[in-house]
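Written below as structure tokens is the structure these notes are about.
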Amino acid sequence: MHDIRAIRENPAAFDAALGKRGLSAMSPDILALDEARRAKITASETAQAEANAAAKQIGAAKAKGDEDEFNRLRALTAEAKSQIAALDAEAKAEDAKLTDLLMRIPNLPHDDVPQGADENYNVEMYRWGTPHEHGYKPKEHFELTAVQGGMDFETAAKISGSRFVILSGAVARVHRALAQFMLDVHTTENDLTEVNGPVLVRDEAMLGTGQLPKFSEDSYQTTNGWWLIPTSEVTLTNIVSGTTLNEPDLPRRFTAHSLCFRSEAGSAGRDTSGMLRQHQFEKVEMVSVTKPEHSRAELDRMTKCAEGILERLDLPYRTLVLCTGDIGFGAQRTHDIEVWLPGQDTYREISSCSVCGDFQARRMNARFKRDGAKKPEFVHTLNGSGLAVGRCLIAVLENGQQFDGSVTLPAVLHPYLGGKTGISAQGELV
RNA sequence: GGAGACGUGGCCGAGUGGUCGAAGGCGCUCCCCUGCUAAGGGAGUAGACGACUUGAAAUCGUCUCGAGGGUUCGAAUCCCUUCGUCUCCGCCA
């Protein structure tokens with residue numbers, strides 16, 4: 001959510017920043033709404049001030065026992081009543097219009113974000129690891145002999161439909177091991193606080209992080225109104241909603257392993273085979289809440305935390321900075337990490353780390369007070385995957401595949417697998 | 001799920017229709033006094049929004065006593081809805 005005062009003060013800068021995203025100027029519409037809104041507020045408040053003054057006189061008249069004056073004033077204010085109600089309703093309507101518009105405008109990109117229209121203009125910042133030479137055409141994860149019994153799309157479809165999977169046996173165990181491993185690294189080495197929270201949330205939470213009001217069709221809602229979180233960014237970031245933190249409390253860093261639910265509306269036909277794109281998946285998420293001056297550096301730190309997981313798993317990856325035309329709704333700057341998938345012969349997104357500045361903080365009224373300061377300021381928020389567990393499973397399986405149909409698993413996972421080091425062609429942990 | 005109670009400023013806590021944005025206490029800030037493992041006296045101490053202003057301050061106004069709506073000339077006080085907390089019962093991992 002944008003600061004209407006900032007737009008009022010410098011509409012040209014606002015429009016220029018929107019322009020970088022490929023959006024046309026919005027400040028004329030916004031300022032027109034704002035002016036109308038303020039005019040209505042003034043009208044409404046003036047009328048109310050008069051009514052309030054009259055009401056006080058009525059009280060005084062009654063105290064004095066002046067019945068004539070009392071009745072005269074009563075009639076007068078009664079008449080003004082409906083007029084005030086109408087003015088107040090108008091003022092509220094204008095205000096709601098402006099708020100609704102502002103809530104649907106995306107964040108402004110950071111100055112250091114490369115400009116571009118779409119994903120083709122994203123810039124690779126970093127590349128790590130060398131894709132393994134398999135000596136044959138590598139298989140996709142769902143084709144691997146070792147996972148044939150442990151990754152069942154047909155049965156899942158019978159129960160739930162497309163874009164679901166049932167993992168079992170060794171594959172399910174490796175999936176679980178990955179999540180445990182990620183959480184352990186984040187909590188013991190990256191100084192993140194582990195959180196286990198709700199996956200069902202209210203409208204307010206989804207509005208706060210930006211999924212609502214614009215992207216309601218991307219998420220699922222229960223019959224009684226709860227939303228199923230599309231990412232635990234929603235839960236983790238909203239921990240600080242409506243609060244004023246003290247300066248020494250910052251930064252706050254959270255991590256959580258949770259289920260995520262996405263309707264994948266609009267992605268019909270994309271990534272339909274395998275478990276790359278599911279309605280329900282697990283993700284280890286990272287969220288940071290920082291002072292404004294630290295948020296940009298925090299993005300680099302968070303990116304490193306995510307990259308570190310891949311490095312320990314010995315999975316080749318590259319990191320991109322998204323261009324102005326490709327960053328998400330709430331982000332000022334986004335780093336996408338793409339892992340090497342030999343079966344697809346390409347890099348695929350496995351993490352996305354974003355700094356949101358005060359965009360989410362304004363929506364959820366999350367503030368902090370500097371030592372000695374009187375007025376609180378908005379915090380800055382960041383979120384990133386660390387990592388998507390299902391996609392990481394895919395990467396581990398595809399990169400570890402052997403010619404004989406077995407899979408060799410990364411050494412850091414062995415302790416989570418009872419010392420086992422791979423999956424046999426028959427699908428057993430060995 | 002059933003029955004009931006409650007939700008007031010940073011905290012505790014008064015206030016059941018008329019100068020209540022709200023007594024009192026605690027905490028905090030400033031000043032004075034005193035002098036040492038402390039105490040006493042005084043003053044101050046919510047926020048959002050709008051108008052004015054280059055900006056800020058000051059000033060004026062509106063709103064806010066969980067949230068939203070209603071009754072009334074007037075509501076923290078009455079009514080409805082809703083969210084939350086607590087107690088008892090039921091059920092359950």
Side-chain angles (χ1 to χ4, degrees), chain A residues 1-13 30-103 196-208 212 221-227 238-249 259 358 361-378:
Chain A
M1 170 110 146
H2 295 283
D3 182 4
I4 181 63
R5 291 180 195 193
I7 300 173
R8 226 186 272 156
E9 272 172 34
N10 199 343
I30 296 169
L31 293 181
L33 258 180
D34 180 47
E35 229 165 277
R37 159 184 159 270
R38 285 186 292 150
K40 297 287 185 192
I41 288 174
T42 304
S44 166
E45 290 186 350
T46 305
Q48 290 198 50
E50 286 166 10
N52 286 346
K56 281 191 179 177
Q57 288 176 26
I58 293 176
K62 180 147 200 204
K64 265 193 293 181
D66 187 344
E67 281 297 315
D68 289 347
E69 180 70 357
F70 177 76
N71 286 321
R72 189 185 71 81
L73 287 167
R74 257 184 66 166
L76 211 71
T77 45
E79 199 183 300
K81 208 186 152 192
S82 64
Q83 195 193 344
I84 291 170
L87 287 169
D88 185 52
E90 282 178 35
K92 280 189 177 164
E94 291 295 329
D95 194 56
K97 258 195 257 177
L98 179 65
T99 302
D100 185 64
L101 177 61
L102 290 177
M103 288 287 273
N196 190 311
V199 299
L200 295 173
V201 302
R202 293 208 186 128
D203 288 353
E204 289 77 17
M206 294 280 278
L207 284 162
L212 293 180
Q221 194 172 24
T222 66
T223 50
N224 69 341
W226 281 322
W227 294 90
N238 275 286
I239 287 174
V240 298
S241 72
T243 65
T244 303
L245 300 161
N246 295 313
E247 185 171 9
D249 295 338
L259 281 166
D358 65 5
R362 283 180 183 284
R363 293 174 157 246
M364 61 177 69
N365 194 24
R367 302 179 295 173
F368 79 103
K369 206 188 291 191
R370 289 187 196 274
D371 291 337
K374 228 179 149 178
K375 290 226 168 196
E377 302 168 43
F378 288 111

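Here is how names work: the chains are called A, B, and so on, in the same order as the sequence lines, proteins then strands, and each is numbered from 1. Since the model is a prediction, treat every value here as computed from it, not as a measurement.
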[X] side chain to [Y] backbone, donor-acceptor under 3.5 Å:
{"X": "A:N238", "Y": "A:A205", "result": "yes"}
{"X": "A:R363", "Y": "A:L207", "result": "yes"}
{"X": "A:D3", "Y": "A:R5", "result": "yes"}

Could you give the distance from [atom1] ([X]) to [atom2] ([Y]), rounded to the nearest 0.5 Å?
{"X": "A:W226", "Y": "A:R202", "atom1": "CH2", "atom2": "CZ", "value": "9.0 Å"}
{"X": "A:I239", "Y": "A:M364", "atom1": "CD1", "atom2": "CE", "value": "10.5 Å"}
{"X": "A:F368", "Y": "A:T244", "atom1": "CZ", "atom2": "OG1", "value": "10.5 Å"}

Give the residues of residues 3-13 of chain A touching RNA chain B, defined as any heavy atom closer than 4.0 Å, sorted by residue number.
A:R5, A:R8
Can you tell me how far [atom1] in [N] sits from the matching atom in [M], rounded to whole Å?
{"N": "B:G25", "M": "B:G44", "atom1": "P", "answer": "13 Å"}
{"N": "B:U64", "M": "B:G9", "atom1": "C1'", "answer": "11 Å"}
{"N": "B:G66", "M": "B:U77", "atom1": "P", "answer": "8 Å"}
{"N": "B:G41", "M": "B:C52", "atom1": "C1'", "answer": "41 Å"}
{"N": "B:G21", "M": "B:C26", "atom1": "P", "answer": "25 Å"}
{"N": "B:U54", "M": "B:G69", "atom1": "P", "answer": "36 Å"}
{"N": "B:C78", "M": "B:U72", "atom1": "C1'", "answer": "10 Å"}
{"N": "B:A46", "M": "B:A57", "atom1": "P", "answer": "16 Å"}

Would you mind writing out the side-chain donor-acceptor pairs for residues 86-94 of chain A within the sub-3.5 Å range, not counting sequence neighbours?
unit_1: A:E90; atom_1: OE1; unit_2: A:K40; atom_2: NZ; d: 2.6
unit_1: A:E94; atom_1: OE2; unit_2: A:K97; atom_2: NZ; d: 3.4

To the nearest Å, how far apart are [X] [atom1] and [N] [atom2]?
{"X": "A:E94", "N": "B:C49", "atom1": "CD", "atom2": "C1'", "answer": "16 Å"}
{"X": "A:R38", "N": "B:A48", "atom1": "CZ", "atom2": "P", "answer": "18 Å"}
{"X": "A:K369", "N": "B:U45", "atom1": "NZ", "atom2": "C1'", "answer": "11 Å"}
{"X": "A:L207", "N": "B:A67", "atom1": "CG", "atom2": "P", "answer": "19 Å"}
{"X": "A:I84", "N": "B:C73", "atom1": "CD1", "atom2": "C1'", "answer": "10 Å"}
{"X": "A:D203", "N": "B:G68", "atom1": "CG", "atom2": "C1'", "answer": "14 Å"}
{"X": "A:M1", "N": "B:A48", "atom1": "CE", "atom2": "C1'", "answer": "13 Å"}
{"X": "A:N365", "N": "B:A48", "atom1": "CG", "atom2": "P", "answer": "9 Å"}

Minimum heavy-atom distance between A:F378 and A:R362, given as atom pair plus value
CE1-NH1, 3.4 Å
Is there a side chain to side chain contact (heavy atoms under 4.5 Å, CB included) between A:R38 and A:R8 once you walk through the steps?
CA-CA 12 Å; A:R38 285 186 292 150; A:R8 226 186 272 156; 3.8 Å; yes
Would you tabulate the nitrogen or oxygen pairs shorter than 3.5 Å linking the protein to nucleotides 58-62 of chain B?
unit_1: B:G61; atom_1: N2; unit_2: A:E45; atom_2: OE1; d: 3.0
unit_1: B:G61; atom_1: N2; unit_2: A:E45; atom_2: OE2; d: 3.4
unit_1: B:U62; atom_1: OP1; unit_2: A:N52; atom_2: ND2; d: 3.1
unit_1: B:U62; atom_1: O3'; unit_2: A:Q48; atom_2: OE1; d: 3.3

Under the side-chain hydrogen bond (donor to acceptor under 3.5 Å, both in side chains) test, residues paired with A:N196 that sit two or more places apart
none
A:R370: what forms a side-chain hydrogen bond (donor to acceptor under 3.5 Å, both in side chains) with it, not counting sequence neighbours?
A:E293, A:E377
Need one value for A:K92: base, sugar-phosphate or nothing, where a base atom within 4.0 Å counts as base even if backbone is also close, heavy atoms only.
sugar-phosphate
Let's see if you can work this out: which of B:C49, B:A51, B:G84 has an atom nearest to the side-chain heavy atoms of A:R37?
B:C49
If pairs are Watson-Crick or G-U with both distances under 3.5 Å, what is the dot-bracket string of RNA chain B, marking crossing pairs with [ ] and pairs to another strand with |?
((((((((.[[[..)..(.....]]]((((((.......))))))((((((.......)))))).[[[[[..)....]]]]])))))))....
Apply side chain to side chain contact (heavy atoms under 4.5 Å, CB included) to residues A:L102 and A:I7 and explain how you reach the verdict.
CA-CA 11 Å; A:L102 290 177; A:I7 300 173; 3.9 Å; yes
State whether A:K40 places a side-chain N or O below 4.0 Å from either non-bridging phosphate oxygen (OP1 or OP2) of B:A51.
no
Assign each of A:A51 and A:P376 to its nearest nucleotide of RNA chain B by heavy atoms, then name whichever residue's nucleotide is nearer the 5' end.
A:P376
Within-4.5 Å side-chain heavy-atom neighbours: A:M1 and A:T99:
yes
